[in-house]
Amino acid sequence: DAGVIQSPRHEVTEMGQEVTLRCKPISGHNSLFWYRQTMMRGLELLIYFNNNVPIDDSGMPEDRFSAKMPNASFSTLKIQPSEPRDSAVYFCASRRSVGGELFFGEGSRLTVL
Amino acid sequence: ELKVEQNPLFLSMQEGKNYTIYCNYSTTSDRLYWYRQDPGKSLESLFVLLSNGAVKQEGRLMASLDTKARLSTLHITAAVHDLSATYFCAVDMKTSYDKVIFGPGTSLSVIP
């Protein structure tokens, strides 16, 4: 297995720009999670999907954030417009089923100037 | 709402010593995970604990789960420098299908 694949690995953008982060889960996994990691707030769960359906998006900080999973092999996390406080590492993780371990991607490091 | 706490948050220990990291959580769950994160890297799965009384061991690390006490421990035996990393516990919310919440992490530094 190739593992969870995230892109881009690094992104530097200016405040107000749109940012799109991408994730390809491990084949056969039916749950996908988006987390944000910062020094101040640790690992925060933003949203998770089960069988491509968003189950809980209560962690999404504000309306500027949106996530989609159009099919079992692709998900996006979009921030529009971006702000400096959005600077963080965004992780995508997937797992085969409830009760199984999460497998993490390498993360996307976002810097908003 | 589920809260996951870890104690201590920072730990500096000498090589060869033993220590325990504690993970407490606030709601019913019988599924708990431990992860390791090296600086600038992703999270690596260490242990999956899926029932009360579960105990798993790998090398110098041993994890256990007590669902009645809502407590998990990660015990380090005879620490070596290579164990220096941040360790996270994560809890599967039993009342919320598929939601996994992470603790704040314990930053471990093993000093020669």
Side-chain angles (χ1 to χ4, degrees), chain A residues 1-7 9-10 21 23 25-26 29-60 69 88-111, chain B residues 1-10 21 23 25 27-52 54 56 58 63 65 67 72 74 85-107:
Chain A
D1 263 333
V4 177
I5 300 172
Q6 291 187 244
S7 65
R9 293 290 310 278
H10 302 275
L21 307 178
C23 175
I26 294 172
H29 285 194
N30 59 18
S31 294
L32 183 140
F33 300 73
W34 282 101
Y35 290 89
R36 176 172 71 176
Q37 186 176 38
T38 59
M39 289 293 292
M40 291 296 294
R41 302 177 69 90
L43 269 164
E44 300 174 275
L45 175 61
L46 300 178
I47 185 171
Y48 65 99
F49 296 82
N50 195 56
N51 292 323
N52 312 338
V53 176
I55 302 300
D56 187 334
D57 65 355
S58 61
M60 297 285 262
M69 191 165 186
V89 180
Y90 291 81
F91 284 104
C92 175
S94 69
R95 69 176 175 183
R96 187 175 300 278
S97 61
V98 174
E101 63 195 300
L102 275 67
F103 292 85
F104 281 79
E106 293 299 311
S108 294
R109 180 176 295 277
L110 172 65
T111 302
Chain B
E1 177 164 339
L2 175 65
K3 290 185 180 179
V4 183
E5 297 178 338
Q6 290 183 233
N7 180 33
L9 298 181
F10 299 93
I21 298 171
C23 173
Y25 53 97
T27 192
T28 303
S29 177
D30 55 5
R31 299 190 293 267
L32 189 139
Y33 316 95
W34 284 96
Y35 286 84
R36 169 180 171 146
Q37 186 179 36
D38 292 299
K41 302 294 186 181
S42 184
L43 283 86
E44 172 191 357
S45 176
L46 292 175
F47 299 110
V48 178
L49 303 169
L50 296 179
S51 62
N52 184 40
K56 296 277 185 74
E58 180 72 35
L65 178 61
T67 59
S72 179
L74 180 65
T86 299
Y87 293 86
F88 292 92
C89 63
V91 179
D92 232 321
M93 283 187 71
K94 196 167 187 176
T95 56
S96 180
Y97 183 66
D98 225 18
K99 191 167 184 173
V100 180
I101 303 297
F102 279 76
T106 296
S107 177

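Each chain gets a letter, A, B and so on, in the order its sequence line appears, and its residues count up from 1.
Annotation: the span from Leu43(A) atom CG to Phe88(B) atom CZ amounts to 5.0 Å, rounded to 0.5 Å. Here OG of Ser42(B) is found 7.5 Å from CD of Gln6(A). Values are rounded to the nearest 0.5 Å.
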Review point. For Phe104(A) and Tyr33(B), what are the C-alpha separation, side-chain angles and deciding distance, and is it a ring-ring contact (aromatic ring centres under 6.0 Å, His included)?
Key: CA-CA 13 Å; Phe104(A) 281 79; Tyr33(B) 316 95; over 10 Å; no
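In this structure, chain A has heavy atoms under 4.5 Å from both the backbone and the side chain of Leu43(B). Of the atoms belonging to Val100(B), heavy atoms from both backbone and side chain fall under 4.5 Å from chain A. Only the side chain of Gln37(A) has a heavy atom closer than 4.5 Å to any heavy atom of chain B. Neither the backbone nor the side chain of Phe47(B) comes within contact range of chain A; no heavy atoms are under 4.5 Å apart.
For Lys99(B) against Tyr48(A), the heavy-atom pair with the smallest separation is CB-OH, 3.5 Å.
Summarising the local packing, CZ of Arg109(A) is surrounded by 12 or fewer heavy atoms from other residues, nucleotides or ligands at distances under 6.0 Å.
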